[in-house]
Structure formats: C-alpha cells, structure tokens
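A short worksheet on the structure shown next.
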Number of protein chains: 2
Amino acid sequence: MSDKLYKIEQVSNLTGLTKRAIRYYEDLNLIRPRRAESAYRLYTEEDVEKIKRIVSLKKSLAFSLAEIKQALELDQEVENILSEETASLATINSYMEMIRRQIKLIEEKVSQLLVTRKKFEDLLMRLSSLEEKVRKEETR
Amino acid sequence: MSDKLYKIEQVSNLTGLTKRAIRYYEDLNLIRPRRAESAYRLYTEEDVEKIKRIVSLKKSLAFSLAEIKQALELDQEVENILSEETASLATINSYMEMIRRQIKLIEEKVSQLLVTRKKFEDLLMRLSSLEEKVRKEETR
DNA sequence: CGCTCGATTAACATTAACGTCAAGGTTAAC
DNA sequence: GTTAACCTTGACGTTAATGTTAATCGAGCG
C-alpha cells in the first residue's frame with residue numbers, strides 16, 4: 001500500500017512549496033525522486049514526507065533582517081507608549097495584539113526546533129543501545 | 001558615564017560583525033550612529049547593545065538549506081548504522097558526538113528565542129497594566 | 001610635513017534561494 | 001487527432017545580505 005506516486009504539482013500542493021523550489025531542492029540533492037519514462041518526476045509518500053520535514057525545518061529559520069527590524073521597532077514603539085502613558089485604549093489593545101502575534105511566531109519556531117531535537121535525542125538513545133550491544137560482543 | 005563613543009572597527013570587534021555589515025544595517029535603518037565632524041561614524045554603548053541584540057536574533061535564525069541537508073544526511077547515515085548493526089565502536093561514538101553537537105546547536109537557538117519571547121511577554125504585561133489604568137481613568 | 005592607518009562613499013561582484021520566461025515533449029479529455 | 005493542461009530543461013532575472021575594490025579624506029606619530 002501507499003505506493004502512490006505524485007507528480008510535481010501535487011507535491012507542490014501537499015507541501016506548500018513552489019514547483020521551482022522543489023526542483024531546486026533536487027539540484028541540491030536534498031531529494032531524489034524517480035523518473036517516469038517520460039522523464040516526469042515521480043514522488044513517493046516518503047519523498048513527500050521528507051520535503052515536509054525540510055519545510056518544517058526551514059520555518060524554524062525565517063528571520064530576515066526586515067523581520068528583525070519590525071520586531072525592534074515594535075519594541076521601541078511600545079516602550080514609548082509605556083513611558084508617555086497617553087495612549088488610548090484602542091492603541092494599547094492594538095499593540096497588545098501585535099505583540100501576541102510575535103510571541104506566537106516565536107513559539108511556533110521553538111516548537112519546530114523541539115521536534116527536531118527530539119528526533120536527534122531518539123537517535124542518540126538508539127545509538128547508545130547499539131554501542132552497549134557492540135561492546136558486549138567485543139568482550140565476549 | 002558610559003558616554004564612550006566607538007569607531008566602526010571597535011564596534012566590529014565588539015559585535016563580531018564586519019564593518020560592511022554594520023554599515024549595511026545602517027542603510028536598513030536598523031541603527032543610526034551619530035557622526036563626527038569628519039563624518040566618522042560614532043557608536044554609543046546603546047548602539048552597540050542594539051547591534052548585539054540584532055546579532056543574537058540573527059543567530060537564532062541561521063538554518064540554511066545546506067545545514068538542513070547536513071542534518072538530514074546525518075539522520076540517514078545513523079538510520080543505516082542502526083539497521084545494519086555492523087558499525088564499530090569508534091564509528092558509533094563519532095556519530096553520537098555529531099548528534100550531540102546538533103542538539104547543542106538547536107538548544108542555543110531555542111534559548112535565544114526564549115529570551116526574545118520573554119522580552120515581549122514583559123512588554124505585554126506592562127501594556128496590560130497601562131490598559132487597566134487608562135480604563136479606570138476613562139470611567140472616572 | 002609626510003607617512004601610514006583607518007575612515008568615507010560608490011560601485012560592481014557574489015551567494016543562496018528562488019522567480020520567470022522560452023522552447024519543446026506528454027497526457028488526457030473531447 | 002488536436003487542444004489544453006502539465007511536464008521537461010535551460011537560462012537569465014531578482015532579492016537579501018554581504019564581499020571586494022577603488023578613490024578619497026582624516027588622524028596621529030616621528
């Protein structure tokens with residue numbers, strides 16, 4: 001089961017990447033889809049899962065200087081409001097909303113990173129078991 | 001006190017950025033150093049702190065596709081080792097070390113992000129107090 | 001005063017990560 | 001069997017974030 005093969009546009013829909021980006025990732029050897037006789041790229045479920053993992057890792061990246069600037073400006077504006085104490089309720093609430101959005105963004109990145117960390121920790125534990133086993137066999 | 005002014009090379013040493021990058025950030029209006037009569041840029045302690053904050057935010061980013069590829073490859077190699085069970089102790093230990101390094105990297109990024117989140121949460125609480133105060137004054 | 005070191009702007013170069021054609025094959029529906 | 005919708009491989013364009021080089025100016029030292 002699950003030997004379904006996808007063409008690139010479907011993969012694009014499934015992953016949110018553009019077709020161009022998907023081909024680019026192949027240039028970088030991040031993925032290696034097989035080919036039909038027609039030379040069409042054919043992606044397995046596994047390929048798609050791998051691309052989704054890449055997307056998730058990339059999302060925990062995405063902090064351009066422009067975004068950093070926005071965050072710092074938001075910070076500064078709020079500091080001004082706090083020191084002047086002359087803002088309207090509407091203004092205050094709108095800034096609170098903006099900050100909440102920033103916090104949410106950060107939390108998404110953090111949780112992406114934690115998923116990745118967990119994967120590595122699992123690998124570490126499994127390697128540790130293997131090491132113990134090998135060690136025992138050697139001293140046999 | 002602390003009205004010391006730095007020239008660009010000193011700032012470069014203090015922050016780890018190149019002079020070019022520092023000037024570029026000025027182009028983006030991320031920083032606004034004052035100028036000497038000679039047109040030399042002069043940076044206050046505050047300027048330097050701000051730049052350090054930018055660097056820290058940038059570091060919690062830094063996950064290029066090349067790095068993602070490395071991580072995925074490491075993952076794959078380890079999976080192979082685990083399934084084959086033929087690796088030497090030395091191999092196993094070296095992979096464990098590589099994984100530990102990846103985990104450390106991730107944890108650094110996470111803690112950077114958490115610092116930033118905490119700053120925003122502080123702002124949120126302070127805004128919340130201000131809101132309450134304003135609300136009371138309005139219904140007075 | 002001249003020399004050297006460091007600062008300035010300007011401008012062109014580069015790398016990553018795609019976007020955007022163009023020219024041509026493929027597939028599926030009618 | 002032709003047309004529309006999708007695929008392919010170039011190849012050149014673009015944006016962010018710098019690197020690099022050139023030409024010029026200022027500062028401090030002997």
Side-chain angles (χ1 to χ4, degrees), chain A residues 4-44 47-48 50-73 105 109 112, chain B residues 4-44 47-48 50-73 105 109 112:
Chain A
K4 177 155 179 21
L5 294 175
Y6 301 93
K7 279 185 286 182
I8 196 165
E9 181 144 38
Q10 297 175 293
V11 176
S12 168
N13 292 333
L14 290 170
T15 61
L17 292 179
T18 64
K19 295 188 270 185
R20 179 64 172 93
I22 296 172
R23 295 198 188 100
Y24 178 64
Y25 291 178
E26 185 177 343
D27 287 347
L28 298 184
N29 288 319
L30 276 166
I31 35 180
R32 300 173 179 283
R34 60 173 95 158
R35 298 300 186 111
E37 294 181 16
S38 60
Y40 281 21
R41 289 173 177 81
L42 297 177
Y43 299 85
T44 65
D47 288 331
V48 174
K50 186 162 182 186
I51 295 176
K52 282 185 183 171
R53 231 183 124 183
I54 296 170
V55 171
S56 142
L57 277 169
K58 273 213 62 183
K59 273 191 358 202
S60 53
L61 162 163
F63 245 168
S64 68
L65 285 175
E67 288 170 303
I68 291 177
K69 186 182 172 195
Q70 267 200 0
L72 292 180
E73 280 172 355
L105 233 154
K109 290 177 202 291
Q112 298 283 352
Chain B
K4 178 154 179 20
L5 294 176
Y6 302 93
K7 280 187 285 183
I8 195 164
E9 180 142 39
Q10 298 175 291
V11 176
S12 168
N13 292 332
L14 290 171
T15 61
L17 293 179
T18 64
K19 294 189 270 185
R20 180 66 172 89
I22 297 172
R23 294 196 188 100
Y24 178 63
Y25 291 0
E26 185 178 343
D27 286 348
L28 298 183
N29 288 318
L30 277 167
I31 35 180
R32 301 172 178 285
R34 60 174 95 158
R35 299 298 187 111
E37 293 180 19
S38 59
Y40 282 19
R41 288 172 177 79
L42 298 176
Y43 299 84
T44 65
D47 288 331
V48 174
K50 187 163 182 185
I51 295 175
K52 283 185 181 169
R53 228 182 126 183
I54 295 170
V55 171
S56 141
L57 276 168
K58 273 209 61 180
K59 267 184 15 197
S60 53
L61 162 163
F63 244 167
S64 68
L65 285 174
E67 288 171 305
I68 290 176
K69 186 185 171 194
Q70 269 201 0
L72 291 180
E73 279 172 356
L105 233 155
K109 290 176 202 291
Q112 295 287 348

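Chain letters run A, B, ... following the sequence lines, proteins first and then strands; every chain starts at 1.
Between B:L14 and B:Y43, the closest side-chain pair of non-hydrogen atoms is not below 4.5 Å. A:N13 is listed as a side-chain neighbour of A:E9, based on a closest heavy-atom distance under 4.5 Å. Side-chain contact between B:D47 and B:R34 is absent, with no heavy atoms from C-beta onward closer than 4.5 Å.
The nucleotide whose nearest atom lies closest to any side-chain atom of A:L28 is, among C:dA17, C:dT26, D:dC12, C:dA17. Taking every side-chain heavy atom of B:S38 into account, D:dG26 is the closest of C:dC18, D:dG26, C:dG25. Closest to the side chain of A:Y40, out of C:dA7, C:dT8, C:dT26, is C:dT26. Nearest nucleotide to the A:Y24 side chain, out of C:dT26, D:dT18, C:dA16: C:dA16. Residue A:E9 places its side chain closer to D:dC7 than to any other of D:dC7, D:dT18, C:dC18. Between D:dT8, C:dT8, D:dA11, one nucleotide has an atom nearer to the side chain of B:R35 than all others, and that is C:dT8.
With rounding to whole Å, A:D27 atom CG is found 16 Å from D:dC12 atom P. The OH-P distance, from B:Y6 to C:dA7, rounds to 15 Å in whole Å. One atom, NZ of A:K7, and another, P of D:dT8, lie 9 Å apart when rounded to the nearest Å. In this structure, B:R20 places its CZ atom 11 Å from C1' of C:dA13, rounding to the nearest Å. In this structure, CG of B:N29 is placed 14 Å from P of D:dA17, rounded to the nearest angstrom. Between the CG atom of B:L30 and the P atom of D:dA16 there is a distance of 13 Å, rounded to whole Å. In this structure, B:I8 atom CD1 and D:dT18 atom P are separated by 13 Å, rounded to whole Å. Note: CD (A:E26) to C1' (C:dC18) measures 15 Å, nearest angstrom.
Both A:E37 and A:A21 lie close to DNA chain C; mapped to their nearest nucleotides by heavy-atom distance, the more 5′-ward contact belongs to A:A21. Both B:T18 and A:K19 sit near DNA chain D, but only A:K19 has its closest nucleotide nearer the 5' end.
Counting distance only, with no hydrogens placed and no angle test, the side-chain atoms of B:R23 and the base atoms of C:dT8 include no donor-acceptor pair under 3.5 Å.
Using a 4.0 Å cut-off, some side-chain N or O of A:R41 falls inside it from OP1 or OP2 of D:dT8. The phosphate of C:dC18 (OP1 or OP2) has a side-chain N or O of A:K58 nearer than 4.0 angstrom.
The side chain to side chain contact (heavy atoms under 4.5 Å, CB included) test with B:Y6 is passed by exactly one of B:T15, B:V48, B:T44: B:V48.
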Should A:R41 and A:R35 be marked as a side-chain contact (heavy atoms from CB on, under 4.5 Å) after you check the CA-CA gap, both sets of side-chain angles, and the distance that decides it?
CA-CA 5 Å; A:R41 289 173 177 81; A:R35 298 300 186 111; 3.3 Å; yes

